[in-house]
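This report refers to the structure that appears directly beneath it.
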Amino acid sequence: MTQTTTTPVADPWTDPETSNKMAIKALILLLITFILGTLCLQGFNLVFTQVGEDVGAPAQASLITAFPSLVLGIVCFIYGSLGDFVSLKRLVVAGLVTLLVGSLFGFVANFFFTANIWTVIIARVLQTAGEQVAGSVFLVIATKYLKPSLKVIFFGLYTAAYQLSASIGVFAAGVLSSIAWQYLFLIPVVTIFFLPTLLKNLPGRQGGNEHVDWLGFTIFGLASAFLTLFFSYMAWWMLAVAVVLFAIFAVYIHKAANPFITPEFFKNTRWLAAISLILVFYFTNYCISPLFNAIGTSVYGMTTAQVSTYIVWAFVCAAVVGTSSGWIIGKIGRQPALITAACLMIAGFVTAALAVNAGFLVLTLTACLFYCGVGLLYSPVVSTVIDTLPQSESGRGVGMNDLVMNVTASIGITVIGGLMGSQSLAGSSITGAIGAAAGYANLLLIGGGVMLLGLIVFLLFRKKIYSQN
């Protein structure tokens, strides 16, 4: 009997040059996927009030943005953890298929059948969960397989891509809103054609037997979801359920063997002080676009398409400042950069409130002011929070940042969106505006007040946050 021997095929990912070339090919397609997915998120963020009216649920319209952003925070943490030990090929396949299913379901269910707010929300949740795979795998590949000289370039591209996709999303939503907003769902469908190339250029290896705390994520996610629903429906039983679930989560992380976040996190007072900055500063993260769209349509009689041609420039400003934030921080320091960002956002909200009746071009300039602050804020506030944790906990720290950013933003858009829909603040304002314009001016002042609170919190706790004890 002749014995056949086979020579094991060399793993190309063990060779630095080969892995670098394959990584670049994969990263380009992952970046495009991430851009198209984020484009969808920002597009729906602009037109969710119109969608809510079209589906007969204007009071719950903010959930179209709130729920996907909540899911985004949770899956960011999960995917970041899975990327260390699960085959990236399998992860990307699952992500792109989920993105495709969400896109087709959203379009078919709301274009060919009677549009419903929950079919919109389910489709957007599926799209968000699917597209974030691209962003998380991008970061894993760039961190593990790129040579150092290219890492800085691709991380810069990632930051710029988010703001670029936001600007394109706002513009696309404006155009499609005058045709049919349902076409927004179809934008990411093209990404499924990237799959063959990605499978050729992604590592298929699987690492160790790391534990993923699915039960912890589920409890925390449900608690956050009920808290978000409470702010939309103001049903007290939902708040009670959220409180009970958070209490169960607190008990769980004390008893579980490997919870995704340990009780020690909450005993770190420097981290608690720092994370409070994200809780406040990102509360209004998704509010400016829908607010300005409502002002344009209600006060100035503009279409969403016309509004988008103005607001898109605010996102361009954010992209420019965001990509320059590293250089700015290097020149003036992290604390001055954070204070500057907060002041720009406060100024953006307050000047917008004063200029509600001054013309939409003037309002656009105030939006640019605000988004310059947004672009500058991310780097100093995130690095500040991460620096309060030991290096061994930095991965979970990044995940918690994503969770807190998206949970607080989802609650914020639910609160502000609900007030927009009810027009409860309309009538008069200290800015001198009256009628519907007064309601928007008051909401903008509230936004400015929240940003001012964030600045006060930072000034009160910065000695604690930056201490090394």
Legend entry - N293 side-chain N/O to S289 backbone N/O, donor-acceptor pair under 3.5 Å: no

Inset, instruction - Can you measure from CG (L377) to SG (C372) and round to the nearest 0.5 angstrom? - result: 12.5 Å

Legend entry - Exercise: identify the closest heavy-atom pair between F34 and A134: N-CB, 4.0 Å

Inset, instruction - Side-chain contact test, heavy atoms from C-beta onward, threshold under 4.5 Å: evaluate it for I295 versus Y300 and give yes or no. - result: yes

Inset, instruction - Please confirm whether the backbone N or O of C287 pairs with a side-chain atom of T284, one donor and one acceptor, at under 3.5 Å? - result: no

Inset, instruction - Spell out, as yes or no, whether a donor-acceptor pair under 3.5 Å connects the side chain of K25 to the backbone of N201. - result: no

Inset, instruction - Look up atom CD1 in I187 and atom SG in C40, then write down how far apart they are to the nearest 0.5 Å. - result: 5.0 Å

Inset, instruction - Find out whether F249 and L245 are in side-chain contact, i.e. whether some heavy atom of one side chain is under 4.5 Å from a heavy atom of the other. - result: no

Legend entry - Side-chain heavy-atom pair Q306, T303 within 4.5 angstrom cut-off: yes

Legend entry - Under 3.5 Å donor-acceptor, N110 side chain and N116 backbone: yes

Inset, instruction - Specify whether F185 and F44 have parallel, tilted or perpendicular ring planes, treating 30° as the upper limit for parallel and 60° as the lower limit for perpendicular. - result: tilted

Inset, instruction - Please name the pair of heavy atoms, one in L126 and one in G102, separated by the smallest distance, quoted to 0.1 Å. - result: CB-CA, 3.7 Å

Legend entry - Pairwise distance CG(L39) to CD(E131) - rounded to 0.5 angstrom: 10.5 Å

Inset, instruction - Measure the OG1-CE distance between T309 and M302 for me, rounded to the nearest 0.5 Å. - result: 6.0 Å

Inset, instruction - Applying side-chain contact (heavy atoms from CB on, under 4.5 Å), run through L202 and L91 and close with a yes or a no. - result: CA-CA 10 Å; L202 284 172; L91 204 56; over 6 Å; no

Inset, instruction - Go through the steps to decide whether L445 and I430 satisfy the test side-chain contact (heavy atoms from CB on, under 4.5 Å), and finish with yes or no. - result: CA-CA 10 Å; L445 288 175; I430 60 172; 3.8 Å; yes

Legend entry - Main-chain N/O of Q50 paired with E53 side-chain donor or acceptor, under 3.5 Å: no

Inset, instruction - Please answer whether the main-chain N or O of F107 pairs with a side-chain N or O of Q182 as donor and acceptor at a distance below 3.5 Å. - result: no

Legend entry - Parallel, tilted or perpendicular, as decided by the 30° and 60° cut-offs, for the rings of F360 and Y310: perpendicular

Legend entry - Any F315 side-chain heavy atom under 4.5 Å of C368 side chain: no

Legend entry - For the student: nearest non-hydrogen atoms of A352 and L363, plus distance: O-CD2, 3.5 Å

Inset, instruction - Answer whether the closest heavy-atom distance between the side chains of N285 and I413 falls below 4.5 Å. - result: no

Inset, instruction - Search all heavy atoms of G348 against all heavy atoms of L369 and return the closest pair with its distance. - result: N-CD2, 3.8 Å

Inset, instruction - Can you measure from OG1 (T191) to CG (L29) and round to the nearest 0.5 angstrom? - result: 10.0 Å

Inset, instruction - Measure centre to centre between the rings of F111 and Y183, then say whether the value is under 6.0 Å. - result: yes

Legend entry - Under 3.5 Å donor-acceptor, T297 side chain and A294 backbone: yes

Inset, instruction - Identify the two heavy atoms, one from A355 and one from V362, that lie closest to each other, and give their separation to 0.1 Å. - result: CB-CG1, 3.8 Å

Inset, instruction - For residues Y378 and Y282, establish whether the separation of their ring centroids is below 6.0 Å. - result: no

Legend entry - Side-chain H-bond candidate by donor/acceptor type, Y440 with S298, under 3.5 Å: yes

Legend entry - Student check: side-chain heavy atoms of T197 and F194 closer than 4.5 Å: no

Inset, instruction - Starting at CZ of F246, measure out to CZ of F226 and round the result to the nearest 0.5 Å. - result: 11.5 Å

Legend entry - L443 side chain reached by L291 side chain, heavy atoms, under 4.5 Å: yes

Legend entry - Shortest non-hydrogen separation from R334 to T384 and the atoms involved: CD-OG1, 3.5 Å

Inset, instruction - Would you check, one step at a time, whether the test side-chain contact (heavy atoms from CB on, under 4.5 Å) holds for M345 with F281? - result: CA-CA 9 Å; M345 291 190 292; F281 279 130; 3.9 Å; yes

Inset, instruction - For W118 and V55, run side-chain contact (heavy atoms from CB on, under 4.5 Å): C-alpha distance rounded to whole Å, both residues' side-chain angles, the deciding distance at 0.1 Å, then the answer. - result: CA-CA 9 Å; W118 287 108; V55 301; over 6 Å; no

Legend entry - Minimum side-chain heavy-atom gap V374-V321 below 4.5 Å: no

Inset, instruction - Please confirm whether the backbone N or O of L279 pairs with a side-chain atom of T408, one donor and one acceptor, at under 3.5 Å? - result: yes

